Amino acid sequence: MINLDSKNEVVGEYVDQSIEDIAENVQGVENPQWSYKRQQMFEAAKQYHQTLQKMNGDTSHEEVKILRTQLDELSTPFADNLAYHAFLEQERLFKEAELGVFSDS
């Protein structure tokens, strides 16, 4: 980590750079605009949609139950964000309706 307040650093090279640019280009922080939790949410949503794609017309009822469990596990850590959680759930329900598969619960 580079301390930009340090007397040993040449601050001039950082003039006119945003804090995000400095974090990313100087300090090596990947995607500094996102918090750790937001990055986790993004990855979970990506995995969620990949799992949804596994559901198709040939998916057995038992496989659908397994996929539902996986989808629930991906979304549960973000249950405190109701809009995000509801969005993921609606995506699953839409996919199940599209396939004519409905939840037992």
Side-chain angles (χ1 to χ4, degrees):
M1 182 163 160
I2 298 172
N3 180 354
L4 299 180
D5 290 329
S6 170
K7 304 265 188 261
N8 299 329
E9 293 294 327
V10 179
V11 177
E13 66 186 273
Y14 305 111
V15 172
D16 294 328
Q17 289 191 34
S18 70
I19 198 151
E20 291 86 0
D21 289 339
I22 294 169
E24 188 169 13
N25 301 326
V26 177
Q27 296 178 313
V29 176
E30 189 175 320
N31 207 355
Q33 298 85 348
W34 287 13
S35 68
Y36 178 70
K37 184 169 184 170
R38 184 172 179 172
Q39 184 66 37
Q40 286 181 309
M41 289 172 74
F42 175 78
E43 292 301 325
K46 202 160 71 172
Q47 288 180 335
Y48 195 95
H49 283 272
Q50 289 170 350
T51 303
L52 276 179
Q53 296 309 309
K54 293 177 185 176
M55 283 188 198
N56 58 47
D58 297 330
T59 306
S60 73
H61 186 67
E62 202 54 41
E63 288 173 310
V64 169
K65 283 179 150 179
I66 291 167
L67 292 172
R68 276 186 199 137
T69 300
Q70 290 174 354
L71 294 170
D72 287 344
E73 288 171 2
L74 285 168
S75 65
T76 298
F78 309 106
D80 61 328
N81 185 329
L82 297 178
Y84 179 81
H85 191 70
F87 172 76
L88 293 179
E89 184 176 83
Q90 289 303 309
E91 290 286 312
R92 177 180 59 84
L93 293 173
F94 178 76
K95 182 70 169 186
E96 289 176 358
E98 181 182 285
L99 298 173
V101 178
F102 299 98
S103 179
D104 310 348
S105 50

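Throughout, residue positions are numbered sequentially from 1 according to the sequence presented. Only a predicted model underlies this, so the values are computations on that prediction, with no experimental measurement involved.
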Show me the donor-acceptor pairs, under 3.5 Å and distance only, between side chains in residues 82-89 and residues at least two apart or in other chains.
residue, atom, partner, partner atom, Å
Y84, OH, M41, O, 2.5
Y84, OH, A45, N, 3.4
H85, ND1, S75, O, 3.4

Non-neighbouring partners of E98 that pass side chain to side chain contact (heavy atoms under 4.5 Å, CB included), sequence neighbours left out =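 Side chain to side chain contact (heavy atoms under 4.5 Å, CB included) check on E98 returns F94, K95.
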By side chain to side chain contact (heavy atoms under 4.5 Å, CB included) - contacts of L74 (at least two apart) =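 Expected list: Q47, Y48, T51.
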Not counting sequence neighbours, list each pair that qualifies as a salt bridge (charged side-chain N to carboxylate O under 4.0 Å, His left out) and has a residue in residues 47-62.
->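 Of all non-adjacent pairs touching residues 47-62, none passes salt bridge (charged side-chain N to carboxylate O under 4.0 Å, His left out).
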For E43, check salt bridge (Lys or Arg N to Asp or Glu O under 4.0 Å) against everything at least two apart and list the hits.
->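 Only K46 meet the salt bridge (Lys or Arg N to Asp or Glu O under 4.0 Å) criterion with E43.
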Linking I/L/V/M/F/W/Y whenever any side-chain heavy atoms sit under 4.5 Å apart, do M55 and I66 land together?
->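 Unlinked, M55 and I66 end up in two clusters.
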All side-chain hydrogen bond (donor to acceptor under 3.5 Å, both in side chains) counterparts of E91, not counting sequence neighbours |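 Residues passing side-chain hydrogen bond (donor to acceptor under 3.5 Å, both in side chains) with E91: none at all.
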CG of L71 to CZ of R68: how many Å apart, nearest 0.5 Å?
->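 The CZ atom of R68 is 9.5 Å from CG of L71, to the nearest 0.5 Å.
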Say you draw a straight line from CG of L52 to CD of Q50; how long is it, rounded to the nearest 0.5 Å?
->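 The CG atom of L52 sits 10.5 Å away from the CD atom of Q50.
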